[in-house]
Amino acid sequence: MPELPKAYTPRDVEGAIYDRWLAADVFAPDGAGSTADPALPPFTIIQPPPNVTGSLHLGHAQRTAVEDLMVRHARMRGHRALFLPGLDHASIAAQFVLDGILAKEGESRQSLGRERYLERMAAFVDTTRGVILGQQRRVGASADWGRLRFTMDTLSARAVRVAFERLYRADLAYRTEALINWCPGCLTSVSDLEVVPTPETGTLWSVRYHLIDPATGAPDPEATITVATTRPETILGDTAVAVHPDDPRYAAVVGRLARIPFVDRDVPIIADEVVDRAFGTGAVKITPGHDHDDHATGLRHGLPALTILADDATVTGTGTPYDGLDRYEARTRIVADLEAHGDLAGASPHEMVIGRCQRSNDVIEPRLKTQWFIRTTPLAERALEATRSGRTRILPERFGKTWEHWLTTIRDWNVSRQLWWGHRIPAWYCPDGHVTVSSVEGGPSACDVCARPASELRQDPDIFDTWFSSGLWPFSTLGWPEESPDYATYYPTSVMETGYDIIFFWVARMMMLGIELTGTEPFHTVYLSGLIRDPEGQKMSKTKGNVVDPLGIIDESGADALRFALIHGATPGNDQRFGTTKLEHARNFANKLWNATRFVVGARPLTIPQDAERQLPDARHLGPAEHWLLSRASATVGAVDAAMTDYAFGEVTRQLYEAIWTEYCDWGLELAKVRLADDTLAPGIREATWWTLVEVLDTYLRLLHPVMPFVTEALWQTLPHRATDPGLLIVARWPARNDRDEVAEAQVEALIGLVGAIRNARTEARVEPATWLPVDVVVPAAMGPTFEALRPAIARLARARPLERRLTRQALASAAGPTDLAVLVGELEAYVRMPGTGGGPAGEASALERSRLERELAEAEGWLEAARERLANDAFVARAPAAVVAGARAREAELADQVTRLRERLGP
RNA sequence: GGGCGAUUGGCUCAGUUGGUUAGAGCGUGCGGUUCACAUCCGCAAGGUCACUGGUUCGAAUCCAGUAUCGCCCACCA
């Protein structure tokens, strides 16, 4: 058994332990060190693979902590527990980061070219992946590194090709020209989810368009219609003006033509209910090529959609002097020119919401492009059916509503990206425009339609949205589309854990694609964590500079403390603030556990050999404190099991903290110390006491292991084990729940209460802490043996000497002096004999005693009155459950008794 | 414009299907050098559970509404 250093230094503990786990091959469910029971169903956790682009932050650490907690728990219960680690290539995010690095070197995506750029990316990713995997390891992830996967590895690539081909053949993927969200900074389209609505103050300009005189076909200098716009540059793409059909102001002009300035295009004035009569002038310019609303309006009215912006958001193709200007420069000039022509009717500040790129923060321009889309509606229906039927459960449940809303209003998913780092879309086009989608590596041999040879086909230059490959993660990592053994064994998976912020990006896509491609829901439970915020409640972000590096925390306080701090007091789906006090709390707890174990190990009676095999305490020698400890441990096992079942991990740590610190250390160890030190006791008794401490500590270390794996493993190594135990706690069995001993629990807790009350009385009377005070106590007959067994411990803890047991209250009262303090705890009654001198004048103590008792009496009478009122209520007695009424009666009797005794003591 | 969440002692948060003395950590006050731990030990103070109304024998907990803060979704130019 290893020696336990006096001081707890997490750094020394953690690295060595992780290496031992690795060496023992216990992370893999089928590893050499696994103790899994193949008869039990497997347990698979799905972790969001972190982006390769950088280092992990506290949010990742929290994810990992929660996931690892679940997988360790499942492993200890004997399930084949799979925690498959991975990385995401994060195409747009990675390119954004790399482009930044290149810019500093004076290079760019364009200057390198596709091939060199991708080489550079591969090198970049190689360096960052090591950092990320190292961080996961430091947090303690018991992940099966042999199964490490990457969304850009060859197996993922094949899964992506096969998935897309199947979707295409099922008419769930299609290519069309549509208005998409274009980021001029990233030079790619992005999905609706990647457009961040950002409130801004813009300007609402009113512009006069001149009506065409039907007689002359020329614009009328007098007759105009005034439209309102926040984007004057899009005037160049206008193909109509719209008004509300019921707007009397414009009824006469509907059907006439208006001339668009600068481009001299005559467009119809149409009536459409989309127009809000109350907004602006009630007349709207329609630009189908650059606005989602207008596009829809254009489709309804058969309007042409003109593209007037190039990829870099410069004006193009309008045949005006604005061509070649940046969109904002063009806007400025157009406004000035309108004003010069006298056609600017007004300008006012306007609060609006503008779409910006999630990645680059550029203003998104809607524009027409031919792209690939996933037809989401049929997929969403099946995902909804899965959650509605309960086959997949979302936790916390309230996110089900968000889920429903999003999936019922979902729009088709644009999966084309004009980027380089990612999976190339496996679609080929022949010179005649035929489309061939093929999952064959290297592409099809000929056009599907006209059989032109591969040499004449051209592959789509675009790549997939990174979330497309992420959406295949639960099954692509297990070997799909092959019927591999892992896929057969571990799919569908068990729990997917992630932050609620990517429920749409990722969870919904995994559900939709998983059900379609594998025929089953990819997981039975979706566990959504809250987000980690800084101590002020701000979201952590690099720009705010409040991002915390988990490694710094781990270096200082240990991974165990970090994990505990992240899990303790947190509830699923709720954000939590993270600061140093939580971390200190957690670190102190680890330290407490360390020292408690050190005490137990060092307190081994000499009659037990150091290398003794573990044995259960001899039942014949168990005292009440031992029964109490064992029973409480059972209770804790039950409470932890219940919390685990509910995914209430904060409750798990709360239960364990309370049980270990307050029950085991504060009382269990303190009560045991007296017995262990008493050499007048038979060796068997001391041995039983020690084996009890070991047994219960062992149980708590097991229960705590999923939360604090390192320190529990290190400490467990110092305890004697059974021959049947494996060499490592990580693969040891989760504790079973034993029977409770209600009587021992109640009696020992009553005596604990007595100690507390005596301490309280001492402190109130300002007795010197070192002073031993005589105490007389009346103990109900049923509690006699328990009291006798614990008498030395109580005496020590309450600093009561002698601690006399009086058989009757009369005997006690007759011995009472005027300066004594009475202590009533439930059925127990004690008198603390105050010193006549030394602690202050006798009269003072007496006054103190009176005021104490009067206060207690008033309080007790208050409760008694409340209890009586409740019982006097016939409705309560008649309608409340019998157990509640009985409890109330018992409480009433107890209070009545207490009031009587307090009155007696107070006298007249 | 919809939807969701939060509101509990000075601070950060628990409170699992409503059950009667609402808990914890930090902080605060007082006191502790006994050989597991000062990253500790003991004692204590501190809350009309945001507000209003309702349901119920009984509400921090369920319902309705109000207020403040936060988040998500949404095509008012």
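So that the names make sense, note that chain A is the first sequence line, chain B the second, and so on, each numbered from 1. Any value given below was found using the heavy atoms of this structure, including those in side chains, with hydrogens, waters and symmetry copies removed.
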*Nucleic acid footprint by protein, nucleotides 65-77 of chain B - heavy-atom cut-off 4.0 Å, B for base, S for sugar-phosphate alone*: --------S-BBB
*asked:* Generate the contact string for nucleotides 18-40 of chain B. Rules: B means base contact, S means sugar-phosphate contact only, - means no protein heavy atom under 4.0 Å.
replied: -BBB---SS----S----BB-BS
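Side-chain contact of A/Thr581 with A/Glu584: a donor-acceptor pair under 3.5 Å is absent, judged by distance alone. Looking only at atom types and distance, the side chain of A/Asn873 has no donor-acceptor partner in the side chain of A/Arg870 under 3.5 Å away. A/Gln655 and A/Glu651 share a donor-acceptor pair across their side chains, judged by distance under 3.5 Å alone.
In this structure, the ring of A/Trp403 has its center no less than 6.0 angstrom from the ring center of A/Phe399. A ring-centre distance under 6.0 Å is found for A/His585 and A/Tyr657.
Shown here for A/Ile364 and A/Pro366, the closest heavy-atom pair between the two residues is O-CD, 3.8 Å. The minimum heavy-atom distance linking A/Gly558 with A/Pro10 is given by the pair CA-CB, 3.5 Å. A/Ala228 and A/Gly280 get closest at one heavy-atom pair: CB-CA, 4.3 Å. Scanning both residues, A/Val694 and A/Tyr664, for their nearest heavy atoms gives N-OH, 4.5 Å.
Here B/A14 presents its C1' atom at 15 Å from CG of A/Leu656, a figure rounded to the nearest Å. Atom CD in A/Glu397 sits about 20 Å away from atom P in B/G3, given to the nearest Å. When rounded to the nearest whole Å, the span between CZ of A/Arg868 and P of B/G58 equals 21 Å.
Every residue two or more places apart in sequence or in another chain that forms a ring pair (Phe, Tyr, Trp, His ring centres under 6.0 Å) with A/Phe279 is listed here: A/His350.
Taken together, the paired segments of RNA chain B that extend over three or more consecutive Watson-Crick or G-U pairs, each closer than 3.5 Å at both contacts, are B:1-7 with B:67-73, B:10-13 with B:23-26, B:28-32 with B:40-44, B:50-54 with B:62-66.
Within 6.0 Å of CZ in A/Arg398 there are more than 12 heavy atoms belonging to other residues, nucleotides or ligands. Atom CD of A/Glu200 has more than 12 neighbouring heavy atoms from other residues, nucleotides or ligands inside a 6.0 Å radius.
The side-chain contact (heavy atoms from CB on, under 4.5 Å) test with A/Leu583 singles out one residue from A/Val548, A/Asn588, A/Ile553, and that residue is A/Ile553.
When side chains are defined from C-beta on, A/Arg759 counts as touching A/Leu797, because their heavy atoms get closer than 4.5 Å. A/Phe578 places a side-chain heavy atom less than 4.5 Å from the side chain of A/Leu566.
For B/U12, the OP1/OP2 oxygens have a side-chain nitrogen or oxygen of A/Arg577 closer than 4.0 Å.
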Below 3.5 Å between N/O atoms, which protein atoms pair up with nucleotides 62-64 of chain B? Just atom names and distances, please.
none

Short heteroatom pairs, N/O only, protein and nucleotides 44-49 of chain B, under 3.5 Å:
{"residue": "B/A44", "atom": "OP1", "partner": "A/Asn760", "partner atom": "ND2", "Å": "2.8"}

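Among the atoms of the strands shown, only primed sugar atoms or phosphate atoms (P, OP1, OP2) are found under 4.0 Å from some heavy atom of A/Gly569.
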